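Following: one structure in structure tokens, then a few remarks.
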2 protein chains.
Amino acid sequence: MPPEKARASTEVVHALIRADLLAGVHQPGEKLKFSPLCERYGASVSVIREALTHLAGEGLVIAEPRIGFRVRDVSLQDLKDLTATRIDIESLALRYAIERGDVEWESRVVAAHHRLERTPMVSADDPARIAEDWESAHGCFHATLLDGCGSPRLLDIARGLRDAAEFYRRWSQTRDPDRDVAGEHKGILEATLARDTDAAEARLRAHYARTVEILEPALRDKR
Amino acid sequence: MPPEKARASTEVVHALIRADLLAGVHQPGEKLKFSPLCERYGASVSVIREALTHLAGEGLVIAEPRIGFRVRDVSLQDLKDLTATRIDIESLALRYAIERGDVEWESRVVAAHHRLERTPMVSADDPARIAEDWESAHGCFHATLLDGCGSPRLLDIARGLRDAAEFYRRWSQTRDPDRDVAGEHKGILEATLARDTDAAEARLRAHYARTVEILEPALRDKR
DNA sequence: TCATGGAAAATATTCGAATATTCTCAGATC
DNA sequence: GATCTGAGAATATTCGAATATTTTCCATGA
């Protein structure tokens, strides 16, 4: 339930809808009608419209002129393409980061990893669901890793792909209990700090390939 | 001067403003105020606002909440980053295209190149300005080249970067009279058809590096 | 049974005005 | 002289109603 805001700016509504999309409140492919959204977020059509246009730019919703907006659909095919693209882009950025990153960047990576390592993956009250804090620390670790590459354009592309991947990840909350995610992160960190480009890239690649493997069964029926 | 449209849908206005931005009607960094835009495009604030929000998603304008919108600024630093990123992304896509592209794709590349070759670079009436037809054929050739890669996500990223580059290219209409652009395109085409990945990538890389060299002097004063 | 047409309902789009915010600049204060 | 203040102007944002479009669904005819 979104908090009742007396004043609803488009930014706030954009963030609320975005959070709801990632949380799975609106199903993939579902039509997003104005009247219900206005009621839910306590805003007029104008601000809903602007928020949706913004989200369409981010690729989370699809704008269909004169028909309306719908939640972006998911498919196994798209997940594979997304993951492959993400691996290529992040490998590129990580290589540059390892090549160009300074000590200040290194420290931020170590800090982000430490935070991730010390954040419990599941919350105490709902062990079936991945904790919000962990999701945040996880995203932050991967973003910081690439941060040293020095290319705003490349980082922007990587951020967009991460958002899209998060959409999939949150939508299907399945996970492999045998998987040593912490170990994978540690491996990436160590290879990066050792400035071992090939090893770091291989580990990053394996990390994401694992994720798609886990999500695959949940998408089997979606084509 | 934009054609007087009795009915102004946001799509039409979006396309008009976009064309004007690429044509340099609105200067980089300039504030885009609603009243003048409403008058110029014959639309109400709502449709102008939606068009600008859309353009902000494409990165051509910058949205500053509660302050308004402005044309994205240009800088030498950004041009260099953009070009480097574009080279990396397009190299990646071209490699995949050469690896995976079928005969149908090959034919489209040949066709696009033929069209580009037979389109005059400058129009008869204004030899100082690059012809609209040529710009279009040029963009189409480069897009088709990557088309065979089979990754919608990667193609989407490449398209965004091409748009950004076009913004720079059109803004500064300088060009090098000694440059053999047609030869460069032919070289890329031949290496691609020969499925010589390394040669094709090297030629694509050189092609874009040349472009930044030519644009550089015009941006010297912009930092 | 299936296709077609065309009201009626549902819905998206657009508008212009009402409101809120930011900017400008003259005057006051230190 | 420099900085603050606040009224007024300029501007962006938000609203709800008016308009246009799409969808639904039932009647009609092949």
Side-chain angles (χ1 to χ4, degrees), chain A residues 1-21 25-73, chain B residues 1-21 25-73:
Chain A
M1 193 194 310
E4 196 69 35
K5 291 268 176 185
R7 202 101 216 104
S9 88
T10 63
E11 293 172 89
V12 174
V13 172
H14 169 259
L16 287 173
I17 300 181
R18 188 193 160 82
D20 279 351
L21 285 169
V25 171
H26 310 289
Q27 289 299 305
E30 186 186 313
K31 189 145 201 290
L32 293 165
K33 296 179 187 172
F34 285 99
S35 314
L37 293 179
C38 288
E39 189 153 354
R40 180 175 175 91
Y41 301 104
S44 70
V45 286
S46 313
V47 332
I48 298 292
R49 177 161 256 278
E50 175 159 352
L52 290 177
T53 303
H54 190 172
L55 287 164
E58 296 177 301
L60 285 172
V61 314
I62 305 293
E64 297 170 302
R66 311 203 159 271
I67 292 176
F69 294 83
R70 50 177 64 251
V71 184
R72 178 171 188 141
D73 218 338
Chain B
M1 194 192 310
E4 196 69 34
K5 292 268 177 183
R7 203 101 214 102
S9 88
T10 62
E11 293 172 89
V12 175
V13 172
H14 169 256
L16 286 174
I17 300 182
R18 187 193 160 81
D20 279 353
L21 284 170
V25 171
H26 311 288
Q27 288 300 304
E30 186 185 312
K31 187 144 203 293
L32 293 165
K33 294 179 189 172
F34 285 100
S35 316
L37 293 179
C38 289
E39 190 153 353
R40 179 176 177 94
Y41 302 104
S44 71
V45 287
S46 313
V47 330
I48 298 292
R49 178 160 254 279
E50 174 158 355
L52 290 177
T53 303
H54 190 173
L55 287 164
E58 296 177 300
L60 284 173
V61 312
I62 305 293
E64 297 170 303
R66 313 205 157 270
I67 292 174
F69 295 82
R70 48 178 64 253
V71 184
R72 177 171 190 142
D73 218 337

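Everything numeric here is computed off the predicted structure, so don't read it as measured data. So you know, we letter chains A, B, ... as the sequences are listed, proteins then strands, and number each from 1. Only heavy atoms go into these numbers, but all of them, side chains included; no hydrogens, no water, no symmetry mates.
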Next item on the list: Check every atom of C:dT14, D:dC15, D:dT14 against the side chain of A:Ala43 and return the nucleotide holding the closest atom.
Entry: D:dC15
Margin query: By nearest atom, which of the nucleotides D:dT14, D:dA17, D:dT21 is closest to the A:Val45 side chain?
Written below: D:dA17
Next item on the list: Give the nucleotide from the list C:dC15, C:dA12, D:dT22 with an atom nearest to the side chain of A:Ile67.
Entry: D:dT22
Margin query: On the nucleotide C:dC15, are OP1 or OP2 found under 4.0 Å from the side-chain N or O atoms that B:Ser44 carries?
Written below: yes
Notebook entry, point to check: After noting the C-alpha distance and the side-chain angles of B:Glu30 and B:Arg70, does the key distance pass the salt bridge (charged side-chain N to carboxylate O under 4.0 Å, His left out) rule?
Noted result: CA-CA 5 Å; B:Glu30 186 185 312; B:Arg70 48 178 64 253; over 6 Å; no
Next item on the list: Starting at atom CZ of A:Arg70, determine the distance to atom P of C:dT11, rounded to an integer number of angstrom.
Entry: 13 Å
Margin query: Rounded to whole Å, please give me the gap between OH in B:Tyr41 and P in C:dT14.
Written below: 17 Å
Check: Are the side chains of B:Tyr41 and B:Val12 in touch, meaning some heavy atoms are under 4.5 Å apart?
Finding: no
Item checked: Side chain proximity check, A:Arg18 to A:Leu60, heavy atoms < 4.5 angstrom -> yes
Item checked: Shortest side-chain distance from A:Val47, nucleotide among C:dT21, C:dA12, D:dC15 -> D:dC15
Notebook entry, point to check: In whole angstroms, how far is the P atom of D:dT23 from the CZ atom of A:Arg66?
Noted result: 12 Å
Next item on the list: Check the distance between C:dT14's C1' and B:Phe34's CZ and give it to me in whole angstrom.
Entry: 15 Å
Item checked: Residue mapping more 5' on DNA chain D - nearest nucleotide basis, A:Glu11 or A:Pro65 -> A:Glu11
Margin query: Would you say that B:Lys31 contacts B:His26 through its side chain, given a criterion of any heavy-atom pair below 4.5 Å between the two side chains?
Written below: no
Margin query: Under a 3.5 Å distance rule, please check whether A:Lys33 uses its side chain to pair with a backbone N or O of A:Phe69 as donor and acceptor.
Written below: no
Checklist line | Rounded distance in Å - CD (A:Glu64) to P (C:dT11) | finding: 15 Å
Checklist line | Rounded distance (Å) that lies between atom P of D:dT14 and atom CD1 of B:Ile48 | finding: 17 Å
Notebook entry, point to check: Looking only at side-chain N and O atoms, does A:Lys31 come under 4.0 Å of OP1 or OP2 in C:dA12?
Noted result: yes
Check: Where the side chain of B:Lys33 is defined as all heavy atoms beyond and including C-beta, which of D:dA12, C:dA12, C:dT21 is the nearest nucleotide?
Finding: D:dA12
